[in-house]
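Worksheet: the structure to be examined is printed underneath.
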Protein chains: 2
Amino acid sequence: MEEFNLLIKNIEKHLSLNETEKEELRQFFTFKKLRKRQYFLQEGDISHYSAFVINGCMRSYYVDVNGFEHILQFAIEDWWITDMMSFTKKTEAKLNIDALEDTEMLLITREQQLKLFEKIPKLEKYFRIITENGLISYQNRLLESMSLHAPERYANFIKRYPALNKRLPQTQIAAYLGITPVFLSKIRNINNQ
Amino acid sequence: MEEFNLLIKNIEKHLSLNETEKEELRQFFTFKKLRKRQYFLQEGDISHYSAFVINGCMRSYYVDVNGFEHILQFAIEDWWITDMMSFTKKTEAKLNIDALEDTEMLLITREQQLKLFEKIPKLEKYFRIITENGLISYQNRLLESMSLHAPERYANFIKRYPALNKRLPQTQIAAYLGITPVFLSKIRNINNQ
DNA sequence: GCCATTAGTTAAACTAGATTAAGGTTCTGA
DNA sequence: TCAGAACCTTAATCTAGTTTAACTAATGGC
């Protein structure tokens, strides 16, 4: 199937697979489509799956006591997304994950993932690297949120994800930057003068 | 050597090792002591090592353009610390790491780590799990920094690390919470009334 | 195709937390 | 042992970003 090629390409950035391995790999994943606005995971549920996005766009976010959404991650094509805490420890998810656009993805359960590591041990390396990279990007995000003002954080966001800046509504970008849409509107306007 | 026992215990929380493996493991690590205030890593250098703390306390922090320090992580006994970006990609570190107390630790280089994975493949699992947990805690910290006010973040800090709250000077805790020492003083006083 | 919801703009009033400053205490190293 | 450094407190002033509100533009579900 066409969908697997993106995943295989992604894995092959880090290690090489022979044809048998590629064939085996497929058995461990299921394919799923989500409509725009559809939930992939809701707060309080257990995140049985980790998702690799083929196309479209997802987000993971936390809803605070006042009902405000705080976006931790966007995932477009070629990215992984899950609630890592819930996925690895089978605890109730604190995060929600839903689709911002119609989205296609490949899913794997934690159980299947662990079996996969036994069947094709080098995939443990792949997921270690993916996780290292995820850790790095959260660390970076935390660092920026502590040391930069909103206009600088927005400037970095544009530089890092120019496509997302055009593709996503301003409310979502504001919820990612940790500011209100009102203030993002102000920042954008100051930038345009 | 006595020092290795803590590391082995830590590994054995996640998988079991036989005596031969324990013996092999030792070859990959070096032992190091740091005096209080001594650097383990300076911004701009390459983080050749990842450190497992045996006793004492370290911190990783970022110094912003105005010279203010923002602490990303404290590491006391039984914790790992490094600049993951620099360690895995051999890029110039953005972070500084130094000792807040006299500290003893075990070090491993990235090259040795990768060799270790070949020699004892199940240790790749160990480091995958350690990295998953690191990712979870950064994710959690980001989430709190976005959705909670300083007094609530401080309350969580006390709950999570009661020992550190007593052990560390207020300046360091403030730099971890992302507030000024002046404001932390205020929070503490309001709490005591 | 229309009405209701969602998204964006602008501006005024407000607040969490920063900054500055001054005074007091506790560490530390030569 | 003592001088400078690091640490802590309190209070006044300031500011980045929020809140509220009133208006306009774009979407989408029936």
Side-chain angles (χ1 to χ4, degrees), chain A residues 34-38 57 59 61 63-71 74 98-102 144-158 164-193, chain B residues 34-39 56-57 59 61-71 74 96 98-102 144-158 164-193:
Chain A
L34 285 185
R35 290 269 179 70
K36 186 172 176 175
R37 305 201 144 258
Q38 201 180 333
C57 183
R59 60 171 183 158
Y61 61 101
V63 181
D64 71 23
V65 289
N66 301 310
F68 290 101
E69 298 177 352
H70 305 274
I71 297 179
F74 294 120
D98 65 11
L100 291 172
E101 304 172 354
D102 292 353
E144 289 195 0
S145 93
M146 292 206 296
S147 63
L148 301 180
H149 286 175
E152 301 168 294
R153 267 151 40 218
Y154 179 55
N156 286 356
F157 177 78
I158 295 173
L164 281 184
N165 185 46
K166 283 164 200 161
R167 195 163 154 183
L168 297 176
Q170 164 169 311
T171 31
Q172 301 304 320
I173 295 172
Y176 179 89
L177 294 174
I179 58 179
T180 58
V182 174
F183 193 53
L184 180 51
S185 176
K186 206 183 212 169
I187 292 170
R188 282 180 160 172
N189 258 308
I190 290 165
N191 287 347
N192 294 339
Q193 278 161 29
Chain B
L34 283 187
R35 290 270 179 70
K36 186 173 174 172
R37 309 204 140 255
Q38 201 180 332
Y39 278 113
C57 184
R59 60 169 183 160
Y61 62 100
Y62 174 71
V63 182
D64 71 23
V65 290
N66 302 311
F68 290 102
E69 297 177 354
H70 305 273
I71 297 179
F74 294 120
N96 300 271
D98 66 11
L100 291 171
E101 304 172 354
D102 291 352
E144 290 195 0
S145 92
M146 291 207 295
S147 63
L148 301 179
H149 286 176
E152 303 169 291
R153 265 150 41 213
Y154 178 55
N156 285 356
F157 178 77
I158 295 173
L164 281 183
N165 185 46
K166 283 165 198 159
R167 194 164 155 184
L168 298 176
Q170 164 169 311
T171 31
Q172 301 304 321
I173 296 173
Y176 178 88
L177 294 174
I179 58 177
T180 58
V182 174
F183 193 54
L184 181 50
S185 176
K186 209 182 212 171
I187 292 171
R188 282 180 160 170
N189 259 308
I190 291 166
N191 286 348
N192 295 339
Q193 277 162 29

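In what follows, chains are A, B, ... by sequence order, proteins preceding strands, each numbered from 1. All values below come from the heavy atoms of this structure, side chains included, with hydrogens, waters and symmetry mates left out.
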Taking the side chain of [X] as its heavy atoms from C-beta onward, which of [options] lies nearest to it?
{"X": "N189(A)", "options": "dG17(D), dT10(C), dT19(D)", "result": "dT10(C)"}
{"X": "S185(B)", "options": "dG17(C), dG17(D), dT10(D)", "result": "dT10(D)"}
{"X": "H149(A)", "options": "dT9(C), dA16(D), dG8(C)", "result": "dA16(D)"}
{"X": "F68(A)", "options": "dT18(D), dC7(D), dT19(D)", "result": "dT19(D)"}
{"X": "V182(A)", "options": "dT10(C), dG17(D), dC7(D)", "result": "dT10(C)"}

Are the side chains of [X] and [Y] in touch, meaning some heavy atoms are under 4.5 Å apart?
{"X": "S185(B)", "Y": "Q170(B)", "value": "yes"}
{"X": "I187(A)", "Y": "I179(A)", "value": "yes"}
{"X": "L164(A)", "Y": "Y176(A)", "value": "no"}

Let me see the working for R59(A) and D98(A) under salt bridge (Lys or Arg N to Asp or Glu O under 4.0 Å), right down to the final yes or no. CA-CA 6 Å; R59(A) 60 171 183 158; D98(A) 65 11; 2.8 Å; yes
Can you find a side chain N or O atom of [X] that sits less than 4.0 Å from OP1 or OP2 on [N]?
{"X": "T171(B)", "N": "dA6(D)", "answer": "no"}
{"X": "K36(B)", "N": "dT28(C)", "answer": "yes"}
{"X": "T180(A)", "N": "dT18(D)", "answer": "yes"}
{"X": "Q170(B)", "N": "dT9(D)", "answer": "yes"}

Whole-Å gap separating [atom2] ([N]) and [atom1] ([X]):
{"X": "M146(A)", "N": "dA18(C)", "atom1": "CE", "atom2": "C1'", "value": "16 Å"}
{"X": "L168(B)", "N": "dA6(D)", "atom1": "CG", "atom2": "C1'", "value": "15 Å"}
{"X": "R35(B)", "N": "dG29(C)", "atom1": "CZ", "atom2": "P", "value": "9 Å"}

On DNA chain C, does the nearest nucleotide to F183(B) precede the nearest nucleotide to F183(A) from the 5' side, or the other way round? Give the residue.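 Whichever sits nearer the 5' end wins; that is F183(A).
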Specify the residue among P181(B) and R37(B) whose closest nucleotide of DNA chain D lies further upstream toward the 5′ end.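 First, find each residue's nearest nucleotide; the 5'-ward one identifies R37(B).
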